[in-house]
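Step one of this worksheet: look at the structure below.
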Amino acid sequence: MHIRGDHAELVVGGRLDVRSAADARTVLHTAVDDGLGDLVLDLSELDSWDATGLGVIMGAHRRAGRCGRRLVLRDVPPQMQRLLVATRLHRILAIEGGIGVESLPRV
């Protein structure tokens, strides 16, 4: 997993899973704490995430809310969009451009 960027926009790539969760959590919390306004997470380079990785995203979302910020997901890959829809988290998380549920391919 790799994360690059600053306190306003981060690009997350690789696998966000149980092995990378602690490092990702630290980077995301620092970005939330050190910035103002929206924190954009560009997920275009993300290969996969598991429940732990999704928990890291939700934790950053909650922390951002407590800091008066908003976590915004950008370029969410289709397989991860399906997981957000299945867990109904697409209704809670801010997703740039939204998720066209009807256009998602079925698995």
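Just so it is clear, the values below take in all heavy atoms, side chains as well, and ignore hydrogens, waters and symmetry mates. Computed from a predicted structure; not experimentally measured. For this chain, numbers begin at 1 and follow the sequence in order.
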With side chain to side chain contact (heavy atoms under 4.5 Å, CB included) as the criterion, how do L10 and D42 come out once you've worked through the C-alpha distance, each side chain's angles and the decisive distance to 0.1 Å? CA-CA 6 Å; L10 297 171; D42 182 327; over 6 Å; no
Could you go through E9 and R4, starting from their C-alpha distance and side-chain angles, then the distance that decides it, and tell me whether this counts as salt bridge (charged side-chain N to carboxylate O under 4.0 Å, His left out)? CA-CA 8 Å; E9 182 173 342; R4 65 180 190 277; over 6 Å; no
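Atoms CD1 and CG, on I3 and L41 in that order, are 8.0 Å from each other to the nearest 0.5 Å. Within the model, atoms CG of D34 and NE2 of H29 stand 12.5 Å from one another, a figure rounded to the nearest 0.5 Å. Taking NE2 of H90 as the start and CG of L83 as the end, the distance is 11.5 Å to the nearest 0.5 Å.
Not one N or O on the side chain of S44 forms a donor-acceptor pair closer than 3.5 Å with the backbone of P77. Side-chain atoms of R69 come within 3.5 Å of backbone N or O of V32 as a donor-acceptor pair. Between the side chain of D50 and the main chain of V18, a donor-acceptor pair closer than 3.5 Å is present.
When all heavy atoms of A31 and D6 are compared, the closest pair comes out as CB-O, 4.1 Å. When every heavy atom of R15 is checked against every heavy atom of S20, the shortest pair comes out as O-OG, 3.0 Å. In terms of heavy atoms, M58 sits closest to L93 at SD-CD2, 3.7 Å. Closest non-hydrogen pair, A94 versus L71, comes out as CB-O, 3.4 Å.
In this structure, the side chains of M80 and W49 come closer than 4.5 Å at one or more pairs of heavy atoms. Side-chain contact between E45 and H2 is present, with at least one heavy-atom pair separated by less than 4.5 Å. Residues L28 and V56 meet the side-chain proximity criterion, which asks for heavy atoms closer than 4.5 Å. Side chains of V76 and I95 form a contact here, defined as non-hydrogen atoms less than 4.5 Å apart. L43 has its side chain out of reach of D75: every pair of non-hydrogen atoms, C-beta onward, lies at least 4.5 Å apart.
Note on R70 versus D38: salt bridge recorded, some NZ/NE/NH1/NH2 to OD/OE distance being below 4.0 Å. For the pair D17 and R19, the salt-bridge criterion is not met [side-chain N within less than 4.0 Å of a carboxylate O].
Checked against I57 for a side chain to side chain contact (heavy atoms under 4.5 Å, CB included), the options L73, L89, L84 give a single hit: L73.
Taking hydrophobic clusters as Ile, Leu, Val, Met, Phe, Trp and Tyr residues chained together by side-chain heavy-atom distances below 4.5 Å, I92 does not share a cluster with V72.
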